[in-house]
Amino acid sequence: MDRLKLSRIDEELESSEVAALCFLCRDVVNKKRLEGITDAKKLFVRLEEMALLDNHFFLRQLLETIRRADLLSLLETDSMQPEETDAYPMLSQYRVMLYRVYEDMTRENLEKMKFLLSSKLGRGQIEACDTALDVFAEMEKKSLLSNTNLKELHAVLLELDQQLALTVQQHMEGRTQQHQTPRPLRVSMDHQRVNHARQPSQPVVSISETQPSDNQRVCSDAQPATESSSLLDPTEYYALTHIPRGLCVVINNEDFPGTDLGKRRGTQEDAKALRALFTSLGFTVVVHDNLTAGDMKRELQKLGSRNFLDDDALVVCVLSHGLKGYVFGTDEQPVYLQELTSPFTGVAAPTLAGKPKLFFIQACQGLKYQKGSVPCPPRPQQEDWDRQTTLEEDAGRVDGETVPSDADFLLGMATVQECKSFRHIYEGTIYIQELCRQLMKAAESSENDDVLSVLTRVNREVSRREYATHKQMPEPKYTLTKKVVLKLV
């Protein structure tokens, strides 16, 4: 954005207005990065670092909230107004509500509020508060105030001013109504199971997807084809209260034209199972079919720029061929695991900070076969999954592995490093189908089984079987700081 325009806006703002802007930005800019800011120019630098001034939209929201619409004329460059889309960060309604309380609070009520809260916030901290916004910030530090915890503030305001308390109460009631009112499109699919009827009279074969063959029926994606969560302890569990919970994005690569990678038959069953599962868990599901590596990166970057303030979690599922440390686009170009997760770190996607980001990767991670630990010949299996001619491997070409190091990530891999994963050409992949079964089972249970417990069961169920005389061992990796419990909505 034009620095001259920003400088003119800075000249028009009073110090109290700058402090208000900083408070409003606390959900999208790291709080430490806002410390010590006394003029708008420094705040604008912070917003530029977060790419929040690439368009006028976010700054317009800030100025309109503090009732400085007179400065909006400095932003206009033509007759076109920026459209409001999910790609642009938006101010939290919670923080705007707190600002309205601050605006309407008299000095007398401020002093009364400080007195009532002094025992909980500490005398030194409360005396340093010059405005209600300062008090709100201290309450947030002490975990006495958040978008989902307004009871303490409401109780205090009831002692001061009924109208101020009503502002908070209306926000609380609005959130409750929003969470309890289902959206019609969310139940477009029944709670269907992920089991699909086997097509009868099909010969059974196992193939590696590194080997081209039109006759074989099993391939490897690595090789070329030559309790309600709102009631859970917030210190132990991630809050999942919004309707919808968030987004579930599925990248489903089936066809790899003009490459040495074979068609991933059966992957559509995985996409169907994931759509049904996460729809029933309260997520908005978006499926992208057959993306090149460049398209995958662009879609994820676009998703990372989305406003996630009203989302509790993000789920990304990638179904493709792969090798150690990366997956393939349909053009046989690699997309490294770090490239999948980097658009959603706390720096890149500030409105996702502190929220769980779940990635499930169905792809081979090498060319080796996983072997059993007991040196005995494989026994015939009676389970449907083990019919030898309908299994393929999800493999392809190998490079260094990258695991997300920032907090609140979960990376569920279909297989361990160096090894192949298997896909049934009619029923979908071993890993995704078992994952969907176990997540649905946990969602329907009265127990609050978290995702890591579910993935442990997935590991057990997948690893105990044999696939074309070989084994498969899934591998979860995570930097979660709390438990994730997914329930039916």
Side-chain angles (χ1 to χ4, degrees), residues 9-47 49-50 52 59 61-63 65-68 91-169 171-172 234-235 309 346-347 350-351 353-354:
I9 292 174
D10 169 66
E11 292 173 357
E12 297 292 329
L13 292 172
E14 299 178 1
S15 59
S16 60
E17 293 173 321
V18 174
L21 293 176
C22 289
F23 179 82
L24 291 170
C25 291
R26 284 170 67 89
D27 288 328
V28 294
V29 179
N30 187 288
K31 296 178 180 61
K32 290 186 177 180
R33 301 287 289 162
L34 294 172
E35 291 178 357
I37 291 181
T38 57
D39 62 73
K41 291 193 294 292
K42 292 182 180 179
L43 174 61
F44 295 153
V45 170
R46 298 291 183 266
L47 294 178
E49 293 172 349
M50 306 301 295
L52 295 175
L59 185 53
Q61 292 181 90
L62 289 173
L63 295 177
T65 300
I66 66 170
R67 306 188 193 283
R68 289 304 308 267
L91 289 180
S92 162
Q93 291 302 308
Y94 152 74
R95 207 156 288 281
V96 171
M97 177 273 297
L98 293 179
Y99 181 81
R100 299 299 177 223
V101 173
Y102 151 76
E103 273 189 315
D104 296 336
M105 184 172 292
T106 64
R107 189 70 196 181
E108 180 182 2
N109 281 337
L110 172 62
E111 294 303 321
K112 289 181 180 178
M113 180 171 67
K114 291 169 62 175
F115 174 77
L116 292 174
L117 291 170
S118 59
S119 61
K120 295 182 178 180
L121 298 181
R123 182 176 178 181
Q125 286 79 3
I126 203 69
E127 288 181 352
C129 295
D130 295 325
T131 69
L133 297 182
D134 296 332
V135 176
F136 298 156
E138 286 298 323
M139 292 179 70
E140 289 179 330
K141 289 180 183 179
K142 299 291 186 180
S143 298
L144 295 175
L145 177 63
S146 70
N147 191 26
T148 58
N149 180 20
L150 292 162
K151 292 182 178 180
E152 185 74 32
L153 176 62
H154 184 251
V156 170
L157 293 180
L158 282 174
E159 300 295 326
L160 308 179
D161 188 308
Q162 293 292 324
Q163 190 59 43
L164 294 180
L166 181 60
T167 300
V168 176
Q169 181 178 338
H171 178 79
M172 295 168 65
T235 64
L309 284 178
V347 173
T351 55

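Nothing fancy with the numbering, it's 1 onward along the sequence.
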Report the distance from atom [atom1] of [X] to atom [atom2] of [Y], rounding to the nearest 0.5 Å.
X      : Y      : atom1 : atom2 : value
Leu63  : Glu17  : CG    : CD    : 9.0 Å
Thr131 : Glu103 : OG1   : CD    : 12.0 Å
Leu21  : Leu24  : CG    : CG    : 6.5 Å
Leu43  : Cys25  : CG    : SG    : 5.0 Å
Arg100 : Gln93  : CZ    : CD    : 9.5 Å
Leu117 : Glu152 : CG    : CD    : 6.5 Å

Discussion item. Between Asp27 and Asn147, is the side-chain contact (heavy atoms from CB on, under 4.5 Å) condition met? List the steps.
Written reply: CA-CA 11 Å; Asp27 288 328; Asn147 191 26; over 6 Å; no

Item to complete: List the steps, then state whether side-chain contact (heavy atoms from CB on, under 4.5 Å) holds for Leu110 with Met113.
Response: CA-CA 5 Å; Leu110 172 62; Met113 180 171 67; 4.0 Å; yes

Worksheet item: Which is it for Glu49 and Val45 under the side-chain contact (heavy atoms from CB on, under 4.5 Å) test, yes or no, and what are the steps along the way?
Response: CA-CA 6 Å; Glu49 293 172 349; Val45 170; 3.9 Å; yes

Least distance between heavy atoms, [X] atom then [Y] atom:
X      : Y      : answer
Asp10  : Ala40  : OD1-N, 2.9 Å
Phe44  : Ile9   : CZ-CG2, 3.9 Å
Ala132 : Met105 : CB-SD, 3.9 Å
Ala353 : Gly346 : CB-CA, 4.2 Å
Leu150 : Val168 : CB-CG1, 4.1 Å
Ile66  : Ala20  : CG2-CB, 4.1 Å

Worksheet entry | ring-ring contact (aromatic ring centres under 6.0 Å, His included) partners of Tyr99, counting only residues at least two apart | Tyr102

Practice prompt. Determine, stepwise, if the pair Glu35 / Lys32 fulfils salt bridge (Lys or Arg N to Asp or Glu O under 4.0 Å).
Written response: CA-CA 5 Å; Glu35 291 178 357; Lys32 290 186 177 180; over 6 Å; no

Worksheet entry | Donor-acceptor contact present, side-chain Arg46 to main-chain Val29, <3.5 Å | no

Worksheet item: Under 3.5 Å, side chain of Asp39 to main-chain N/O of Lys42, donor-acceptor pair present?
Response: yes

Practice prompt. List the steps and the verdict of side-chain contact (heavy atoms from CB on, under 4.5 Å) for Leu62 and Leu59.
Written response: CA-CA 5 Å; Leu62 289 173; Leu59 185 53; 4.3 Å; yes

pair [X]-[Y]: side-chain heavy atoms closer than 4.5 Å:
X      : Y      : value
Lys142 : Leu121 : yes
Glu138 : Val135 : no
Leu13  : Arg68  : yes
Leu160 : Leu116 : yes

Fill in: For Glu140, all residues meeting side chain to side chain donor-acceptor pair (under 3.5 Å), sequence neighbours excluded
Arg26, Tyr94, Arg95

Worksheet item: In terms of side-chain geometry, is the basic nitrogen of Lys112 or Glu108 positioned less than 4.0 Å from the acidic oxygen of its partner?
Response: yes

